[in-house]
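As C-alpha cells, the structure follows; a few thoughts come after it.
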Protein chains: 2
Amino acid sequence: MELEQAKQRLAESVSRKEMSMIIGTCYVEYWGRAASKLAKGKRMVLIKGDHSVSIHQNKLVRPVNYMMNADIYCEIENETLILHANKKKPKETLKIIFYKIDGLHAYEIEENADLRLFGSERELSKELMQDLSFIEPGLKPVNQEIPFRKGIVDILAEDQEGNLVVIEVKRRKADFNSVTQLERYMKQVEKIKGKKTRGMLLAPSIQKSALELLEQAGLEFAKFEFEIGNPKATIKGIQKKQKLLNEFF
Amino acid sequence: MELEQAKQRLAESVSRKEMSMIIGTCYVEYWGRAASKLAKGKRMVLIKGDHSVSIHQNKLVRPVNYMMNADIYCEIENETLILHANKKKPKETLKIIFYKIDGLHAYEIEENADLRLFGSERELSKELMQDLSFIEPGLKPVNQEIPFRKGIVDILAEDQEGNLVVIEVKRRKADFNSVTQLERYMKQVEKIKGKKTRGMLLAPSIQKSALELLEQAGLEFAKFEFEIGNPKATIKGIQKKQKLLNEFF
DNA sequence: GCTGGGAGAGGCTTA
DNA sequence: TAAGCCTTTCCCAGC
C-alpha cells in the first residue's frame, strides 16, 4: 500500500474516532516512564476511538508497546510513514516508523454496553454480609467498607462478646500482602475505636508462608468456597481454621 | 460477509498461526476465574499465533475479554458464527457469538525480536551497586539479590560500623507495600545473620502515609533521581531524608 | 507446577 | 489530582 495514501486514510479515521488497524513492518521507540526500542519487524498497530495506541506482536494478550489517550499525528519521511503518539503528564513519546504497510483497516464502532462481571471481590463481600453467622455464631455486621485514611475495611463486624472483628475478603489465594493489609486495618480500627479488635482473613486458600505470618500477628483465617454463577456469585461454605493445616493449601 | 465463508477462512488462519482480526456484532460469555457477559455490540476480536484471543472495544488499551493459549474452534448455529475458546487448568470457557461480520483480516506475522527495555528496577539496582557511597560514606555492597525463603533482597550492604543494611529499590513512588516488603526482608536478614541490621528504602518519592509507616518501623528512606537514556538508565543523585519532609512528595 | 514480585502495570472509585 | 486497591491482572524468573 502507498504510504501517502495510508497516511491520508489514517488521519481521517483517527479524526472520526474509528478503530484502526495497521499491519506492517515497523521500528518502535518509546520514551517516558521507561525507555524501549523494538527492532524492525512486522506488527499490528491498533488505534482506538479514545486515541489509545497499542502495538501487538503475534503472541501474548498484552501489547508490546502502548499509550493511552495520546496525541496522534503522522508524517512521511525518507520513504517511511512515521506515526507519533505523545502525551503530557507524564511526558511520554511513542514513535512508530513504518517501512512497509501490508494493510490498513478502519471501522466505525459505537460505544458499547459495559461488561457485566460476576464474582468480584466486592460482590463476594456483599454476599458474605448477608449472613456472617456462617463464619461464627453471633457474628453481626456493623458496617461495610468503612473508608479509613488508609484503605478500606471490607467488613466490620461484632462478635458475641462485643469485640470488633475486621474481616478482609480475598477472592483468590491470600498472600503476604493480604495479611499485612489486614494487620494495618485491624490496628487502625483498634486505635480509633479504642476497643479490643480481632482481624480475620477470609479467602479460598492461603499461602503457607502467609499463614505463618498471619498466626504470628495474632490474626485469624477462614476458608470459604464460592461458585461463580449467573446472575451472581454465591458462597458455598465457610470453614474456620482447624488443626489440620494441610487442608488450607 | 457470509458466516460460512468467515468460518472457513478463520479456521485456516488459526491453523496457520496467523494473526486474525474479526470485526462484527457479537455477544460474549466468559466463565472461569470469574464470570461475565457482554451485551450484543460491535467489537474487534484479535486472535494471535499463540492462540490468545482478546476482545477489544473501541476504547482503552486492555481487552474487555481475553484468553491466553486457548483451544479455538468455531461453528455455525442459528445463523450465527460461534467462536469457542477453551482452556483447561484453570478451566475457562469463552464463547463469542457473531450475529454479523463486518470484516475478517488475517496476516502471517513471523516471530519478532524482543523489546529492549531500559530503566527497569533490576537495571537501576545494578547501577546503584556500582557505588553505594553515594548513599552514605563507607557503605559497601555485600551481595545483590540474595534469595531468601520469602522474596528477594535488592541490595545487601554493610555500613561503616559494620551493620548490615538491607536496601530495597523502587523505580517509582514507594507505597505501603514497599515499606512492609522492606520490613519483612530486614527482619529476616537480622534473624538469619544475628546481627544489627538497618533497612533502607530507595525510591524517587514516597507516599506520605507510607513514610509515616516507615518511620514508625524504624526504617530509613533515601530519594534518588534517575535518567532513562540509551543504552541504559543512570542514577542522577541520591538525597537522604532530611528535616524538610515536603521535599519528598 | 507453585511462588514471588515487577510492570511504562491498567483502570476504577473516592476523598 | 492523589491515594488506595482490585484485576479473569499479565508475565517472567526461580525453584
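Reckoned from all heavy atoms, side chains included, excluding hydrogens, waters and symmetry mates. Quick note on labels: first sequence line is chain A, next is B, and so on, each numbered from 1.
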Evaluate whether the aromatic ring of Phe176(B) and the six-membered ring of the dG4(D) base sit under 5.5 Å apart, centre to centre, with an inclination under 30°.
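No, aromatic ring not over the base.
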Distance check needed: [N] [atom2] versus [X] [atom1], whole Å only.
X: Glu212(B); N: dA3(D); atom1: CD; atom2: P; answer: 12 Å
X: Glu227(A); N: dT8(D); atom1: CD; atom2: P; answer: 19 Å
X: Leu182(A); N: dC6(D); atom1: CG; atom2: P; answer: 12 Å
X: Leu115(A); N: dG11(C); atom1: CG; atom2: P; answer: 14 Å
X: Ile228(A); N: dT7(D); atom1: CD1; atom2: C1'; answer: 14 Å
X: Lys173(B); N: dA9(C); atom1: NZ; atom2: C1'; answer: 17 Å
X: Glu123(A); N: dC6(D); atom1: CD; atom2: P; answer: 16 Å
X: Lys48(B); N: dC10(D); atom1: NZ; atom2: P; answer: 13 Å

For Asp175(B) and for Asn65(B), locate the closest nucleotide of DNA chain D by heavy-atom distance; then report the residue assigned to the nucleotide nearer the 5' terminus.
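This one resolves to Asp175(B).
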Toward the 5' end of DNA chain D, which comes first, Gln181(A) or Arg62(B), by nearest nucleotide?
Gln181(A)
So what does [X] touch, heavy atoms closer than 4.0 Å: a base, only the sugar-phosphate, or nothing?
X: Lys170(A); value: sugar-phosphate
X: Met67(B); value: nothing
X: Lys91(B); value: nothing
X: Arg172(A); value: base
X: Ser36(A); value: nothing

Starting from the C-alpha separation in whole Å, work towards a yes-or-no answer on salt bridge (Lys or Arg N to Asp or Glu O under 4.0 Å) for Lys187(A) and Glu183(A).
CA-CA 6 Å; Lys187(A) 284 192 175 155; Glu183(A) 197 179 3; 3.4 Å; yes
Using the C1' atom on both, measure dT14(C) against dT8(D) and round to a whole Å.
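My reading of the C1' atoms in dT14(C) and dT8(D) gives 25 Å.
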dT7(D) and dG5(C), which share atom name C1', separated by this distance in whole Å:
16 Å
Base of dG8(C) paired with side chain of Glu92(A) (donor-acceptor, under 3.5 Å)
yes
Taking the side chain of [X] as its heavy atoms from C-beta onward, which of [options] lies nearest to it?
X: Ser120(B); options: dG4(C), dA7(C), dG5(C); answer: dA7(C)
X: Tyr30(B); options: dG5(C), dG8(C), dT8(D); answer: dT8(D)
X: Leu60(A); options: dC11(D), dA7(C), dT7(D); answer: dC11(D)
X: Arg171(A); options: dT8(D), dG8(C), dG5(C); answer: dT8(D)
X: Val61(B); options: dG8(C), dG11(C), dA7(C); answer: dG11(C)

For [X] and [N], is the shortest distance between a side-chain N/O and OP1 or OP2 below 4.0 Å?
X: Gln207(B); N: dA2(D); answer: no
X: Ser209(A); N: dG4(C); answer: yes
X: Arg33(A); N: dG6(C); answer: no
X: Lys89(B); N: dG1(C); answer: no
X: Tyr185(B); N: dG5(C); answer: yes

Is the shortest distance from a Lys or Arg side-chain nitrogen in Glu92(B) or Arg33(B) to a carboxylate oxygen in the other one below 4.0 Å?
yes
Assuming nearest nucleotide by heavy-atom distance, tell me which of Gly32(A) and Ala210(A) is located more 5' along DNA chain C.
Ala210(A)
DNA chain C: 5'-proximal contact among Tyr66(A) and Lys59(B) (nearest heavy atom)
Tyr66(A)
Arg198(B) and salt bridge (Lys or Arg N to Asp or Glu O under 4.0 Å): which partner among Glu168(B), Glu190(B), Glu220(B)?
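So, applying the salt bridge (Lys or Arg N to Asp or Glu O under 4.0 Å) to Arg198(B) and each of Glu168(B), Glu190(B), Glu220(B), only Glu220(B) qualifies.
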Is the shortest side-chain heavy-atom distance between Phe134(A) and Ile235(A) below 4.5 Å?
no
Do Met21(A) and Ile23(B) have side chains that approach each other closer than 4.5 Å (heavy atoms only, starting at C-beta)?
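With C-beta onward as the side chain, the pair touches.
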Donor-acceptor pair, side chain of Asp154(A) and main chain of Glu121(A), under 3.5 angstrom
no
Return yes if some donor-acceptor pair links the side-chain N/O of Asn58(A) with the main-chain N/O of Ile109(B) below 3.5 Å, else return no.
yes
